[in-house]
Amino acid sequence: MKKYELCIQLLSDLCVSDGGVYNSSLDMDICHDEYGFPYIPGRRIKGCLRECAQELRDWGREDIDIEKMFGGKKNAKGTISIRNAYVNNYDRLREQVVGHRNSLLFHPQNVLSHYSYIRTQTAVNKETGTAKDKSLRVMRVAKKDLVFVAEVEMEEEYKSQFDDIVAVFHYMGISRTRGLGEIEVKCQPVSSDPEDKKAGNQKCEASTDKEAVKRQIEKEGCLWYSVYLEEPLICKSVEGGESRSLDYIQGSRILGIVLQQMREAGESVEDFLGAAQELFFSNAYLEEAGKRLTEVPATYYSIKDNEGEYIDRAYENEGNKAQADSWQMNGMKHCYVGKDADGSTVKKCVQMEQRYHHRRPEDKSIGRAIGTRDDLGVFYQVSGIAAGQSFRGYVRGAAKQLQKVAQYLSAREYYSIGTSRSAEYGKVRITLGPGKNEADTERADMAIPAETGIHLFIKLESPAIVYSRENVMSSVEVKDLVEEVNAALGLKEPADQPDSIERFVNVTTVGGYNVTWGERKPTVEAFDKGTVLIYHFENPPALSLDLKENGGNSVVIGERNLEGYGEVSVRELLPGNGRFRNKWYSPPKGSPAENERINVKETELADKISQDIWKEYIRVKAQVKAVSFSRDKFKKARAVVSNLLSICDEQKTWEKLKDAVNQRFEKNTKRKREKKEIADDIIEIVENEKLSGEFCTIYNICGWEADEDQSKKDYLKAYLIELRYRIREHEKKKRGNLA
């Protein structure tokens with residue numbers, strides 16, 4: 001696979017919307033990221049290129065294999081991958097914003113306004129020739145002449161066909177038949193400029209300490225990894241498909257990365273899988289401060305109207321049962337918990353996001369998706385895990401196999417996983433390194449154990465697929481789960497069975513898709529992560545694992561363990577290590593970093609945004625200043641304001657403007673003297689304003705100077721326009737009172 005850059009230059013304004021509205025004053029907004037930078041979604045680009053390819057096919061180019069290049073129905077993945085297109089030099093510009101994240105200057109709306117502006121349009125009544133009632137629409141558009149760059153990855157054999165497709169790609173976005181969306185597109189090799197070079201095929205030497213990874217593998221038989229989301233990630237759920245994504249990364253997706261890299265390297269995947277009986281690819285869950293959080297135990301219950309506390313029914317007894325009768329308790333799910341340094345429980349939720357997409361009708365004469373029938377195009381919603389989050393997981397197995405896994409997980413700096421990974425979604429960065437076992441802190445606050453008996457807290461850290469021994473079908477019967485757990489713990493003899501079991505069960509449905517076979521995996525019911533079994537023994541049993549090691553241990557049960565299913569944690573539940581009613585721990589929020597002064601001459605984007613904001617700033621200041629103009633002078637000032645506005649348009653410098661004012665009112669008559677006095681007062685107001693210094697103080701910038709001549713003229717003009725408006729409103733009101 002070779003990498004290219006798709007450069008898209010806007011020959012006219014462009015509006016590429018995702019269907020969301022982020023501002024109540026807009027009917028349609030453009031796609032932009034959290035920093036305010038506009039972008040063109042990779043799915044939109046790929047869809048437009050597919051249409052162009054279809055047009056070439058209609059014109060007789062039978063050699064273009066659309067299904068092979070862009071994918072087709074039944075989840076067939078195309079060989080061409082197209083990422084989102086961001087403004088040219090996006091990485092460098094984003095670093096400038098991130099480096100001054102607390103700066104008012106780099107507020108996302110300021111960044112967005114630099115690259116876009118607002119347009120309005122109406123529908124016209126054909127009979128009257130005037131605008132139709134309630135037809136005003138407001139939309140944001142990206143400015144003409146902007147250049148967007150998208151990463152493209154494809155086999156070299158498709159390059160010539162792709163170039164032909166790009167050659168007929170001239171329009172995209174909304175209102176492309178009404179003056180918007182004209183573009184010029186070029187596909188070229190990735191830039192060799194180090195500052196502009198797009199990451200993606202570079203070795204990730206700095207992010208992985210190979211020696212530390214090797215030591216960890218040899219010592220623990222475990223390889224820890226972190227997955228950072230550069231783009232949103234879609235992990236399809238069985239129930240919701242793309243409209244409802246899972247909030248974690250399945251182990252099968254990490255396994256898929258390894259197998260894909262092996263295929264590209266020419267190694268035998270079959271041989272690797274045949275020898276991978278001991279391998280276990282865990283699910284990757286939300287990471288907090290370098291630690292892997294896990295699903296909230298099913299023993300945790302929330303208290304209605306109380307977000308600061310929770311109930312842990314693992315410590316329920318007759319005394320606190322009576323105490324809890326007045327509380328309304330609800331089971332908790334879909335959040336992740338971990339232990340703070342002092343043993344307190346921390347709760348975190350994965351940030352999800354919704355994006356909107358559409359598929360245009362097959363009949364291109366319609367021109368846009370209508371959504372009433374499938375053949376007329378459809379609108380649909382996609383759920384995904386929001387970018388900017390980190391997830392942590394591990395791989396267990398033989399040292400030789402883990403070394404090979406580590407080799408392929410560190411082969412590239414960026415990988416693509418999940419649904420729609422060839423466009424817009426799924427770009428991730430994987431970092432290998434030792435992790436912190438959650439069991440280390442689980443035991444930190446445990447009390448002295450009771451003299452007799454033992455209690456085991458057994459929790460599913462991932463969904464478990466368990467089969468019934470009676471009918472060899474997937475089962476969600478607790479007795480079948482207990483049999484699997486007993487077998488994993490070595491509780492084979494009747495005397496080793498627990499005296500009693502408490503059950504807190506969650507159930508889910510799991511499925512999947514096998515890319516190699518091109519078929520869906522069976523959809524089965526399973527015990528969901530968070531399920532808890534509490535074993536009570538009067539006499540300590542003989543277990544197959546040592547609970548004293550790191551305060552706990554883990555075993556694997558059920559089917560499809562290679563893909564991350566069946567991870568079970570086991571620890572001893574001691575009488576004094578928890579309370580029935582407990583508080584969530586909220587880490588103290590650090591005070592905001594001091595707003596560092598920005599030197600606009602050293603920051604490319606800051607200089608440009610300062611110029612944009614300055615124009616708006618002096619306009620607003622002038623409007624506010626005009627409010628204090630005396631109403632007693634409105635009648636005499638009416639003609640003066642009109643004359644000064646004409647002079648503003650005629651004169652290029654401030655000194656020439658003042659000379660023109662003196663000449664206009666030079667006659668020595670009472671009326672002229674009165675007008676001259678008003679004009680001089682207005683000129684004096686402008687000259688007394690110290691706007692530049694105040695502007696730099698508000699936005700905490702330095703190294704920036706305004707064009708004094710032009711700024712005074714702009715301020716005067718804005719002041720006069722506001723003053724003229726106020727005079728007219730005053731006259732209307734006065735006439736109304738007389739009537």
I need the minimum non-hydrogen distance between [X] and [Y], along with the two atoms involved.
X	Y	answer
Pro297	Val337	CD-CG2, 3.9 Å
Pro463	Thr508	CB-CG2, 4.4 Å
Tyr248	Asn283	CE1-ND2, 3.5 Å
Ala488	Val556	CB-O, 4.3 Å
Thr531	Ala298	CA-CB, 4.3 Å
Met262	Ser268	CE-O, 3.7 Å

Distance alone, cut at 3.5 Å: any donor-acceptor contact between the side chains of [X] and [Y]?
X	Y	result
Asn486	Tyr535	yes
Gln260	Arg263	no
Lys339	Thr345	yes
Glu295	His334	no
Ser420	Arg43	yes
Glu567	Ser462	no
Glu287	Ser226	yes

Rounded to the nearest 0.5 Å, what separation is found between the [atom1] atom of [X] and the [atom2] atom of [Y]?
X	Y	atom1	atom2	value
Tyr425	Ser416	OH	OG	14.0 Å
Arg244	Ser237	CZ	OG	5.0 Å
Ile234	Ile385	CD1	CD1	10.0 Å
Ile458	Ser554	CD1	OG	13.0 Å
Ile254	Phe391	CD1	CZ	11.0 Å
Glu483	Ile557	CD	CD1	11.5 Å

In the structure I gave you, are the side-chain heavy atoms of [X] and [Y] within less than 4.5 Å of one another anywhere?
X	Y	result
Leu255	Val395	no
Thr299	Glu502	no
Glu309	Asn582	no
Val476	Val505	no
Tyr336	Val296	no
Glu563	Gln250	no
His536	Pro498	no
Leu460	Asp528	no

Should the pair [X]-[Y] be classified as a salt bridge under the 4.0 Å nitrogen-to-oxygen rule?
X	Y	value
Arg94	Asp33	no
Glu153	Arg412	yes
Arg429	Glu413	no
Glu211	Lys214	no

Honestly, is [X] close enough over [Y], meaning NZ or CZ under 6.0 Å from the six-membered ring centre and within 45° of the axis?
X	Y	result
Lys427	Tyr414	yes
Arg313	Tyr301	yes
Arg292	Tyr285	no
Arg396	Tyr394	yes

Working note: Ile501 + Ile534, criterion side-chain contact (heavy atoms from CB on, under 4.5 Å); need CA distance, chi angles, decisive distance, verdict. CA-CA 6 Å; Ile501 301 176; Ile534 301 178; over 6 Å; no
Candidate pair Lys348 and Gln389, rule side-chain contact (heavy atoms from CB on, under 4.5 Å), full reasoning: CA-CA 12 Å; Lys348 296 285 183 181; Gln389 300 178 90; over 6 Å; no
Is a side-chain donor or acceptor of [X] paired with a backbone partner of [Y] at a separation under 3.5 angstrom?
X	Y	result
Asn84	Gly42	yes
Ser468	Met473	no
Gln497	Leu491	yes

Would you indicate whether [X], at its atom [atom1], is surrounded by more than 12 heavy atoms from other residues, nucleotides or ligands within a distance under 6.0 Å?
X	atom1	answer
Lys333	NZ	yes
Glu316	CD	yes
Asn317	CG	yes
Lys583	NZ	no

With side-chain contact (heavy atoms from CB on, under 4.5 Å) as the test, would you mind laying out the steps for Ile430 and Ile257 before giving the verdict? CA-CA 11 Å; Ile430 298 179; Ile257 291 176; 3.6 Å; yes
Name the one of Asp247, Leu246, Leu293 that satisfies side chain to side chain contact (heavy atoms under 4.5 Å, CB included) with Val350?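 Result: among Asp247, Leu246, Leu293, Asp247 is the only option passing the side chain to side chain contact (heavy atoms under 4.5 Å, CB included) with Val350.
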Go through Glu267 and Tyr408 one step at a time and tell me if the side-chain hydrogen bond (donor to acceptor under 3.5 Å, both in side chains) criterion holds. CA-CA 11 Å; Glu267 291 199 39; Tyr408 287 118; 2.2 Å; yes
Evaluate Lys236 against Ser245 for side-chain contact (heavy atoms from CB on, under 4.5 Å), listing each step before the verdict. CA-CA 5 Å; Lys236 277 186 178 181; Ser245 171; over 6 Å; no
Could you please spell out the steps behind the side-chain hydrogen bond (donor to acceptor under 3.5 Å, both in side chains) verdict for Lys459 and Thr294? CA-CA 10 Å; Lys459 177 189 169 193; Thr294 55; 3.1 Å; yes
Here's a test for you: under side-chain hydrogen bond (donor to acceptor under 3.5 Å, both in side chains), which of Glu151, Glu231, Glu424 qualifies with Arg83? Glu231
I'd like to know whether the aromatic ring centres of Tyr315 and Phe580 sit less than 6.0 Å apart in this structure.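 Aromatic pair excluded; centres sit 6.0 Å or further apart.
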